Colleague: 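Let me begin by handing over the structure; questions about it come next.
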Amino acid sequence: MTLSHLCFNMEKDDEKMNKQLRKTVIAGNWKMNKTPSETTTFVSELKDKVSGADCEVVICVPFVDLQNAIAAAKGTNIKVGAENLHYEKSGAFTGEVSADMLKDLGVEYVVIGHSERRQYFNETNLSVNKKVIAALEAGLKPIVCVGELLEEREQGITEEVVSLQTKIALMGVSSSDMKNIIIAYEPVWAIGTGKTATAEQADEVCGIIRGVISKLYNNDVAESTTIQYGGSMNAKNASELLGKYHVDGGLIGGASLKSEDFSIIVSAAK
Ligand code: PEP
């Protein structure tokens with residue numbers, strides 16, 4: 001029996017019902033890839049492939065691609081997200097982009113605390129929390145990334161690391177705001193490495209995160225929060241990962257750059 005099942009001692013039928021109630025979200029994270037004109041081409045290829053999707057379809061793109069993505073996605077079921085924001089409303093922060101600027105452009109989602117931003121741009125649990133609050137205040141939906149390093153998994157502290165990241169990211173977030181939050185569990189050792197967590201590992205840690213949310217808020221909030229898995233998810237492994245009880249979608253890097261691969265992952269989300 002996994003830890004997630006110890007946390008949530010539910011009957012199988014209740015599990016099935018709860019999973020069906022949660023929103024499944026398949027989100028692409030393009031990182032620093034594609035120009036604005038490539039973005040327009042990508043969305044025009046993708047839109048028919050995902051028009052019958054059973055889940056929310058999101059592409060999170062570089063700032064300069066947002067306008068083209070929003071224009072090309074108009075009238076489709078594709079939602080657009082940014083990959084970062086600054087937590088201040090405005091001011092002397094050269095090169096930064098605020099939550100209000102994104103909202104005004106028509107952006108709906110924003111990735112916050114991706115491990116690459118934590119690793120290369122000094123993002124901390126506290127700055128992640130400030131960004132989450134800024135995003136919610138502007139009416140954006142944060143996709144908050146948490147996940148352990150390989151050394152942390154090997155040291156047996158995955159639960160502690162991921163719990164701490166989740167608790168700090170959600171400081172000051174009300175239970176009613178939780179309906180606009182997605183948590184993405186992304187083990188750092190699985191991002192861009194081709195090394196995917198097993199479906200059982202993904203389910204277990206997503207279950208731990210759900211347990212943390214239950215303690216911070218209550219079981220209803222925990223059971224209705226969308227928790228994604230991210231880390232080398234692709235057209236081949238998506239359906240096994242997405243079939244797990246606690247995995248409500250995916251945050252997809254490499255495999256979101258080709259419309260065919262991305263649309264196969266979208267179809268795996270039933
Ligand atoms: C990511 O960038 O969030 C990610 C999961 O990347 P990849 O799918 O390439 O591992």
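Predicted, not measured: the structure shown is a model, and the values here were computed from it. Counting starts at 1 for both ligands and their atoms, following the listed order.
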Colleague: Once the angle between the rings of Phe262 and Phe42 is folded into 0 to 90°, is it parallel (under 30°), tilted (30 to 60°) or perpendicular (over 60°)?
Modeller: tilted
Colleague: Can we say Glu83 and Lys31 salt-bridge, meaning some charged N sits less than 4.0 Å from an Asp/Glu carboxylate O?
Modeller: no
Colleague: Closest heavy-atom contact between Leu102 and Asn84?
Modeller: CD1-O, 3.8 Å
Colleague: Ile112 and side-chain contact (heavy atoms from CB on, under 4.5 Å): which single residue from Ser127, Pro142, Cys145 fits?
Modeller: Pro142
Colleague: Does Gln155 CD have over 12 foreign heavy atoms under 6.0 Å away?
Modeller: no
Colleague: Is the Lys NZ or Arg CZ of Lys141 less than 6.0 Å from the centre of Tyr109's six-membered ring, within 45° of the axis?
Modeller: yes
Colleague: Between ligand 1 and the protein, which N/O pairs are shorter than 3.5 Å?
Modeller:
unit_1   : atom_1 : unit_2 : atom_2 : d
ligand 1 : 2 (O)  : Asn29  : ND2    : 3.0
ligand 1 : 2 (O)  : Lys31  : NZ     : 2.8
ligand 1 : 2 (O)  : His114 : NE2    : 3.0
ligand 1 : 3 (O)  : His114 : NE2    : 2.9
ligand 1 : 3 (O)  : Glu186 : OE1    : 3.0
ligand 1 : 3 (O)  : Glu186 : OE2    : 2.7
ligand 1 : 6 (O)  : Lys31  : NZ     : 3.4
ligand 1 : 6 (O)  : Gly253 : N      : 3.4
ligand 1 : 8 (O)  : Ser232 : N      : 3.4
ligand 1 : 8 (O)  : Gly253 : N      : 2.8
ligand 1 : 9 (O)  : Gly254 : N      : 2.9
ligand 1 : 10 (O) : Gly192 : N      : 2.7
ligand 1 : 10 (O) : Ser232 : N      : 2.8

